[in-house]
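Quick note: residue numbers are just sequence positions, from 1.
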Amino acid sequence: MTRDEIQAQSLDKIRKLSIFMMVGYGIIVIVAILGITMFSIRRYDALLTDKVSSMTSSLNSQLRINLDSYLNRMEKVSTLAFSVDNAYTYDATDSSNDEYEAINTEKQISDDLYKLCLMENFVDYGIVYRNNHTVGKISNGTTALFGENLYADLEGMMNRERTHDGWYTGYGDNYERIYYVKRIHDNALFCISFYTSELDSVFENPDNLDDMEIRLTDGGYKMIYSSEKDELGSALPAKLLDNIEGCSTLAVAGDDDLVSVNQSSGSWYVICSIPTKIILKEARDMKLYVILAAVVAAILAIAAGAVFIRRIADPIGTVTSGLSAEIREDGFEGVLGNRYFRDKCSGIVNKSSEKDKRAIVIMEIDNFTDIINQIDRSTADKQMNKMLLIIDQVFRDAEVKGRLGENTFAVMTKPSDADDDVFRTEIDRNCELVCKMFAESLSTNTMGTIRTSTTVGAALYPISGRDYQEVFDGALTALSDAKKQTQGSYKIKL
């Protein structure tokens, strides 16, 4: 068996191996991603439910804290009434009161209470005496609601024996107002009330849980407040009550709703609920995204693996590609070597129309050997870098940049539709500018100087020639003529 036959068999084995590796890799990727995706989807429902349950429970606790804080603030505002002169000592039920003095005293108390009443949106902020006489702001609605039992029924609302006060709502099945009553002395009670709608600021629903329903109920699970309309005073829905009845703190995921409850200091219940179908809907949407992401990931992984395997399975191509990348650019980024410059420019010109004018400009650094010998290699390298910077500044429209020799660079400009004279003038100006910008004097090691310059030759397509080789040869000829003329000059082949 000849060497070529052995090599052919080896290459055939490599090709078959690469196909086998790509198919096997694809199967592994699909099975792995499918398994992970299914496991993730199954776990997602449970994790999402737990997460929402925890979030709802935390929010419920915060709402309960907000409610207690709000009620405590109302209690503190009510205690300011005790600072009113005569409010703590005056008794309207005392038959020995002088009528004139009583009128003045009550007016003074009422005026001061009215000033304090402005601090909040109180419906009632006043004192009720045992004989149902009132001082301060006691609304007509409250008077009509309680009637002759005003004092007696308010006194019955004080359910905290230690502090002689209490919160109450739902009197006469009216849940529009919340009352707070505190004893002043044996014959007088201080009463405040506000509308339950004021609790909107307490039970503000965050945007990320806008589907959650928030309710506040009394001890009998009648609703004092609800984020849903037309539920005030009605009983808590049975589907919620079945899950939380008798519990002061609980979070449970039922069949229909995820419910959490917390008992406030006033023996009221803050209840938050979110329909399970809402949670599952988000889960279904997420499943779709997970599946789509898994499909995209599988496609990308298989494609990347296929490319990677092909490159590994083709060592000759890999090595050739690496060598090609190394020799394509001649020491400078974006600057092609001599061969690649010629090949690329030739391909461009051969495909160009004669209406598209181009120029090939060749620039040679003069006295380059003297710079190396009389100064150093580092300075010579700096001169080459300087040349490339000038090329980038002057020939901004250069389509191809190349290095033809150690100190010789060339550019091919992009196509131009300008008139012949205009195009020739533009190239002429650019060549002159390169010569002027490059020229300078350098100090040598022997305390002398070397004047650096560049000589430029250019040719135009299709004016100087109708194919690449003609134009390139024209630029070389122009460069030679310019060097014969004087260093640091330029010439354009016509």
Side-chain angles (χ1 to χ4, degrees), residues 55-80 116-126 137-139 141-142 145-146 154 157-160 165-182 190-237 240-241 244 247-251 257 259-274:
M55 187 183 303
T56 305
S57 181
S58 298
L59 177 62
N60 189 297
S61 298
Q62 184 60 53
L63 293 177
R64 190 262 302 167
I65 293 172
N66 292 349
L67 175 63
D68 288 343
S69 176
Y70 182 79
L71 296 181
N72 288 335
R73 181 162 62 87
M74 295 297 102
E75 291 177 13
K76 289 179 180 179
V77 173
S78 70
T79 59
L80 297 177
L116 295 175
C117 180
L118 298 176
M119 297 177 64
E120 300 287 345
N121 292 327
F122 290 117
V123 179
D124 297 295
Y125 192 93
K137 183 183 179 183
I138 301 297
S139 66
T142 295
L145 180 63
F146 286 85
L154 287 176
M157 294 179 183
M158 296 188 299
N159 50 21
R160 297 189 291 200
D165 63 354
W167 287 93
Y168 193 86
T169 187
Y171 181 84
D173 214 25
N174 186 320
Y175 284 84
E176 292 184 355
R177 303 181 189 186
I178 297 176
Y179 289 91
Y180 172 71
V181 183
K182 185 174 182 67
F190 181 74
C191 173
I192 67 170
S193 74
F194 54 86
Y195 289 114
T196 53
S197 59
E198 296 293 326
L199 297 178
D200 284 335
S201 60
V202 177
F203 297 121
E204 186 175 1
N205 198 0
D207 292 338
N208 60 334
L209 288 174
D210 54 359
D211 291 312
M212 187 176 66
E213 300 167 356
I214 302 173
R215 296 177 174 90
L216 176 66
T217 72
D218 59 15
Y221 296 103
K222 284 200 172 183
M223 281 182 276
I224 302 170
Y225 171 86
S226 174
S227 59
E228 296 295 301
K229 295 181 179 180
D230 303 326
E231 286 191 342
L232 190 63
S234 59
L236 186 70
L240 301 179
L241 183 59
I244 62 161
C247 300
S248 58
T249 302
L250 181 68
D257 297 273
V259 191
S260 62
V261 60
N262 265 288
Q263 188 175 20
S264 72
S265 58
S267 298
W268 295 340
Y269 295 102
V270 179
I271 301 169
C272 299
S273 63
I274 182 169

| remark: Test side-chain contact (heavy atoms from CB on, under 4.5 Å), reference I271, set N262, L216, I214, L236, output is L236

| message | Closer than 3.5 angstrom, by distance alone: can the side chain of K137 be matched with the main-chain N or O of I192 as a donor-acceptor pair? | response | no

| Note: R73-E198 ion pair, threshold 4.0 Å (strictly below) | no

| note | Closest non-hydrogen contact found for L71 with F194 is CD2-CZ, 4.3 Å

| request: Look at the side chain of S273 and the backbone N and O of V259, then say whether any donor-acceptor pair between them is shorter than 3.5 Å. | output: no

| Taking 4.0 angstrom as the limit, do R215 and E228 come out as a salt bridge? | no

| request: Can you see which heavy atom on V270 is nearest to which on N60, and at what distance? | output: O-ND2, 3.0 Å

| query | Which pair of non-hydrogen atoms, one from W268 and one from Y168, has the smallest distance, and what is that distance? | reply | CZ2-N, 4.2 Å

| message | To the closest 0.5 Å, what do you measure between OG (S78) and CD (E120)? | response | 11.0 Å

| note | Minimal heavy-atom distance between N159 and G166, with the atoms involved, is OD1-CA, 3.5 Å

| message | Going by side-chain hydrogen bond (donor to acceptor under 3.5 Å, both in side chains), name the residues that satisfy it together with Q62, two or more places apart in sequence or in a different chain. | response | N66

| By ring-ring contact (aromatic ring centres under 6.0 Å, His included), which residues pair with Y221, not counting sequence neighbours? | Y269

| What distance do F146 atom CZ and N174 atom CG have between them, rounded to the nearest 0.5 Å? | 9.0 Å

| task | Check the side chains of D218 and Y175 for a donor-acceptor pair under 3.5 angstrom, ignoring hydrogens and angles. | result | yes

| task | Would you give the length of the straight line joining atom OG of S226 to atom CD of E231, rounded to the nearest 0.5 angstrom? | result | 3.5 Å

| request: Kindly indicate whether the side chain of V77, heavy atoms from C-beta on, has any atom under 4.5 Å from the side chain of Y125. | output: yes

| request: Please check if the side chain of N72 supplies one atom and the backbone of D68 the other of a donor-acceptor pair under 3.5 Å. | output: yes

| request: Just jot down the side-chain hydrogen bond (donor to acceptor under 3.5 Å, both in side chains) partners of R177, sequence neighbours excluded, or say none. | output: S139, T142

| said: Return the CG to OG distance between L63 and S260, rounded to the nearest 0.5 Å. | reply: 8.5 Å

| Less than 6.0 Å separating the ring centroids of Y179 and Y171? | no

| field | Pairwise distance CG(L59) to CD(E204) - rounded to 0.5 angstrom | value | 10.5 Å

| query | Should E75 and W167 be marked as a side-chain contact (heavy atoms from CB on, under 4.5 Å) after you check the CA-CA gap, both sets of side-chain angles, and the distance that decides it? | reply | CA-CA 10 Å; E75 291 177 13; W167 287 93; 2.7 Å; yes

| query | Is the shortest heavy-atom distance from the side chain of D257 to the side chain of I274 under 4.5 Å? | reply | no

| Which atoms form the tightest heavy-atom contact between V261 and C247, and what is the distance? | CG1-O, 4.0 Å

| So, for L199 and I178, which heavy atoms are closest and what is the spacing to 0.1 Å? | CD1-CD1, 3.9 Å

| Residue pair F122, Y180: steps toward the ring-ring contact (aromatic ring centres under 6.0 Å, His included) verdict | CA-CA 11 Å; F122 290 117; Y180 172 71; 9.9 Å; no

| query | Heavy atoms, side chains only, cut-off 4.5 Å: are D173 and K222 in contact? | reply | yes

| message | Donor-acceptor check, side chain of S61 to backbone of S57, threshold 3.5 angstrom: yes or no? | response | yes

| To the nearest 0.5 Å, how far apart are CE in M74 and OG in S193? | 11.5 Å

